[in-house]
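Computed over heavy atoms, backbone and side chain alike; hydrogens, waters and symmetry mates excluded.
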Amino acid sequence: MAYAGTLMQAHLDLNTKGRTMRAALGAMALAAVLSLAGCGGGGGGSDATASNPDSSGTTPPPTSATGGSAPARPAPEDRPQSTDAARLLTQATFGITSVGEIEAVRTDGYERWLWTQFNTPAALHTRYLDAQKGREKNRKATEEMSYEAVWQQWLTGADQLRARTAFALGQILVISNIAPDIRPYAMSSYMDLLNRNAFGNYRTLLREVTLHPAMGYYLNMIESEKDDEVRGIHPNENYAREVLQLFSIGLVQLNIDGTPKVGTDGKPLATYGEAQVKGFAKAFSGWTFASQNPSQPDSFHDANEELDANWTTPMRAFASAHSPEPKALLNGVTLPAGQTPEKDLEDAIDVIFNHPNVGPFIGRQLIQRLVTSNPSPAYIARVARTFNDNGSGVRGDLKAVVRAILLDPEARDVSLAAGDRYGKQREPVARFASFLRALGAKSRNGINSIHYLDSADNGLGQSPLLAPSVFNFYSPNFRQPGAIARAGLFSPEFQITTETSVVGSLNFFADLFNSEGYGDGNSRLVLDLKPLAALAATPSALIDRLDALFFAQQMRQSTRARLTRLLESLPGTSEYELSLRVKAALIVVSMSPDFVIQK
């Protein structure tokens with residue numbers, strides 16, 4: 001398996017180079033690492049390349065119903081297999097919490113499970129800030145509270161598919177507090193926007209993103225104004241450039257299956273040029289904070305940025321600051337001179353939304369975030385067709401798109417998942433969340449203190465709302481040099497997988513398990529290892545449970561053998577010894593390629 005083999009080789013290289021693990025790992029972590037190195041990466045997996053189904057002409061599935069009555073449960077003989085039910089939970093949530101959850105998916109069936117998720121509302125992140133800011137002496141929300149709100153939803157929210165989809169969208173339509181200078185209410189309101197639109201329409205999402213003050217601040221659209229040669233001012237082009245390149249259509253024209261269109265010279269055809277960027281920048285000019293009064297043009301730049309409502313309310317237009325001239329946009333469309341800023345913005349959003357690239361460009365990235373890094377062109381085409389028409393003549397229905405992604409044959413066929421071109425690396429934060437959820441992590445005060453995980457040395461190299469740039473933590477087109485690149489595969493998450501991050505994550509997870517929790521004080525999340533310790537006297541029983549919780553019942557025979565040897569080598573009589581067995585096993589799980597690689 002190309003992904004797993006490459007990751008295992010990274011571990012072996014680290015051991016060969018003699019890199020020192022922190023002393024805090026102790027003998028248990030050392031045993032885990034030696035077990036990994038001594039066993040190698042082979043065994044259990046298929047060496048055959050999966051042949052992807054080519055049914056790109058398949059009619060897009062209709063949208064799953066929301067509201068009304070839930071779909072009927074399947075007959076017992078038609079229930080999904082437990083392995084694929086576990087795979088669905090791995091793709092569509094932040095981690096399996098119990099064997100019973102897998103069985104519930106089997107009993108309900110996929111359509112009913114999706115219906116339930118589509119109809120589960122999200123808790124507001126801004127409401128979390130409202131509730132928590134009183135713990136500060138100045139009663140002001142902090143950026144740490146915004147990060148906590150994200151983890152609260154991931155760890156405890158019933159709206160798991162919404163959370164997973166919103167996170168995927170947030171990695172396409174990126175804002176980041178890496179500076180840090182985005183206000184807490186701006187970040188949390190933006191997360192509410194993503195949650196609200198996760199199963200809505202992409203045009204609505206794109207419009208709300210465009211007018212959100214967090215995005216306006218991050219990409220400089222807020223207070224962007226018309227040309228003034230005397231003052232040397234021109235409409236800011238930052239948002240105009242990124243909304244095209246990253247949020248909607250990309251740099252090259254695409255076929256419905258995501259492959260690039262080429263000209264007579266064999267080179268990809270560009271989607272836009274500098275003239276179009278300038279045209280969109282002018283179309284998006286003249287917007288400022290909502291508190292300002294357009295009848296007072298001089299107030300355009302004078303908003304009170306300490307006012308929380310300015311960061312949660314869509315921006316307001318000032319005709320006096322808007323570019324009045326014609327604007328050249330995409331595909332030969334030119335907006336006429338003299339339109340209002342509101343009209344120009346709506347027309348500009350329509351032009352972007354209706355571009356034929358949007359379906360394959362966005363669909364491919366959502367597939368990568370949820371299912372596999374290398375979807376076939378046929379898979380992309382099926383999802384793009386659903387984007388173009390949900391079966392009822394509606395374009396941009398994200399609920400239909402998410403359903404199409406998760407129920408596609410390439411997502412659900414277990415035999416395809418065994419192929420060595422299939423799968424994706426679980427993002428570091430998703431791995432962390434899966435452990436916290438499966439191990440019943442809870443704090444005394446019901447909240448968490450998960451804030452900064454972006455350090456590769458002592459964190460995970462990734463932290464929500466802290467991407468290094470608008471290009472996210474990694475590119476959807478990144479290819480890990482070596483075996484993966486030679487195989488022509490994309491491996492986005494490998495862009496943040498380095499020697500430092502591999503050792504750092506081993507340290508991080510070993511500390512998590514050895515200390516039985518994460519954080520400090522009343523907000524410390526404490527792991528409940530007792531259910532696993534109750535199985536630890538019988539290694540096979542413990543391994544079966546770990547297989548269900550963390551491997552979607554796809555643990556490779558080599559991993560099972562490695563864990564068996566490790567557990568049998570450790571004493572297992574007392575309660576303390578059984579807990580040591582569990583911790584040792586969890587450390588091995590955290591670095592096992594068949595856990596790290598979602599299949």
Is [Y] close to [X] at the side-chain level, that is, under 4.5 Å between some pair of heavy atoms?
{"X": "W287", "Y": "I222", "value": "no"}
{"X": "R364", "Y": "P476", "value": "yes"}
{"X": "L173", "Y": "Y190", "value": "yes"}
{"X": "V243", "Y": "L206", "value": "yes"}
{"X": "L366", "Y": "V383", "value": "no"}
{"X": "T372", "Y": "Y379", "value": "yes"}
{"X": "D192", "Y": "T312", "value": "no"}
{"X": "Q171", "Y": "Q365", "value": "no"}

Worksheet item: Do F595 and V589 pass the side-chain contact (heavy atoms from CB on, under 4.5 Å) test, and can you show the C-alpha distance, the side-chain angles, and the key distance before you say yes or no?
Response: CA-CA 6 Å; F595 165 70; V589 167; 4.1 Å; yes
Discussion item. Going by salt bridge (Lys or Arg N to Asp or Glu O under 4.0 Å), name the residues that satisfy it together with K343, two or more places apart in sequence or in a different chain.
Written reply: D347
Fill in: Partners passing salt bridge (Lys or Arg N to Asp or Glu O under 4.0 Å) against R241 (at least two apart in sequence or in another chain)
E237, E274
Between the side chains of [X] and [Y], is a donor N or O closer than 3.5 angstrom to an acceptor N or O?
{"X": "R431", "Y": "Q425", "answer": "yes"}
{"X": "N448", "Y": "E148", "answer": "no"}
{"X": "H301", "Y": "E225", "answer": "yes"}
{"X": "N197", "Y": "E208", "answer": "yes"}
{"X": "H212", "Y": "S189", "answer": "yes"}
{"X": "N310", "Y": "Y185", "answer": "no"}
{"X": "Q153", "Y": "D159", "answer": "yes"}
{"X": "S224", "Y": "S285", "answer": "no"}
{"X": "S455", "Y": "N458", "answer": "yes"}
{"X": "N220", "Y": "N238", "answer": "yes"}

Please check if the side chain of [X] supplies one atom and the backbone of [Y] the other of a donor-acceptor pair under 3.5 Å.
{"X": "R524", "Y": "G519", "value": "yes"}
{"X": "Q253", "Y": "N357", "value": "no"}
{"X": "R395", "Y": "F353", "value": "yes"}

Worksheet entry | Electrostatic pair E143:R183 at N-O distance under 4.0 angstrom |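 Salt bridge between E143 and R183, a charged N being under 4.0 Å from a carboxylate O: no.
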Worksheet entry | Short N-O contact, R203 and D350, less than 4.0 angstrom |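 Yes.
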Centroid-to-centroid, [X] to [Y], below 6.0 Å?
{"X": "F509", "Y": "F435", "result": "yes"}
{"X": "F289", "Y": "W311", "result": "yes"}
{"X": "F508", "Y": "Y518", "result": "yes"}
{"X": "Y239", "Y": "F284", "result": "yes"}
{"X": "Y452", "Y": "Y147", "result": "yes"}
{"X": "Y128", "Y": "W151", "result": "no"}

Discussion item. Counting only heavy atoms from other residues, nucleotides and ligands, does the tally under 6.0 Å from CZ of R127 exceed 12?
Written reply: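 No, CZ of R127 has 12 or fewer neighbouring heavy atoms, counting only those of other groups under 6.0 Å.
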Discussion item. Under the criterion side-chain contact (heavy atoms from CB on, under 4.5 Å), I'd like the reasoning laid out for T271 against L244: C-alpha separation, chi angles, the key distance, then a yes or no.
Written reply: CA-CA 9 Å; T271 48; L244 298 174; over 6 Å; no
Worksheet item: N195 and R162: side chain to side chain donor-acceptor pair (under 3.5 Å), yes or no, with the steps?
Response: CA-CA 6 Å; N195 277 303; R162 185 184 299 275; 5.3 Å; no
Item to complete: Give the C-alpha distance, both sets of side-chain angles, the deciding distance and a yes or no for side chain to side chain donor-acceptor pair (under 3.5 Å) between E427 and Y474.
Response: CA-CA 11 Å; E427 295 171 71; Y474 40 75; 2.6 Å; yes
Response to the item:
Heavy-atom closest pair (S590 atom, V596 atom, distance to 0.1 Å) is O-CG2, 3.6 Å
Fill in: Gap between atom CG of L460 and atom CD of Q462 - 0.5 Å precision
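Going from CD on Q462 over to CG on L460, the span is 8.0 Å.
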Practice prompt. Would you please test M191 and L194 for side-chain contact (heavy atoms from CB on, under 4.5 Å) and show each step?
Written response: CA-CA 5 Å; M191 289 303 303; L194 295 175; 4.2 Å; yes
Discussion item. Could you work out, with side chain to side chain donor-acceptor pair (under 3.5 Å) as the rule, every residue matching N472, not counting sequence neighbours?
Written reply: none
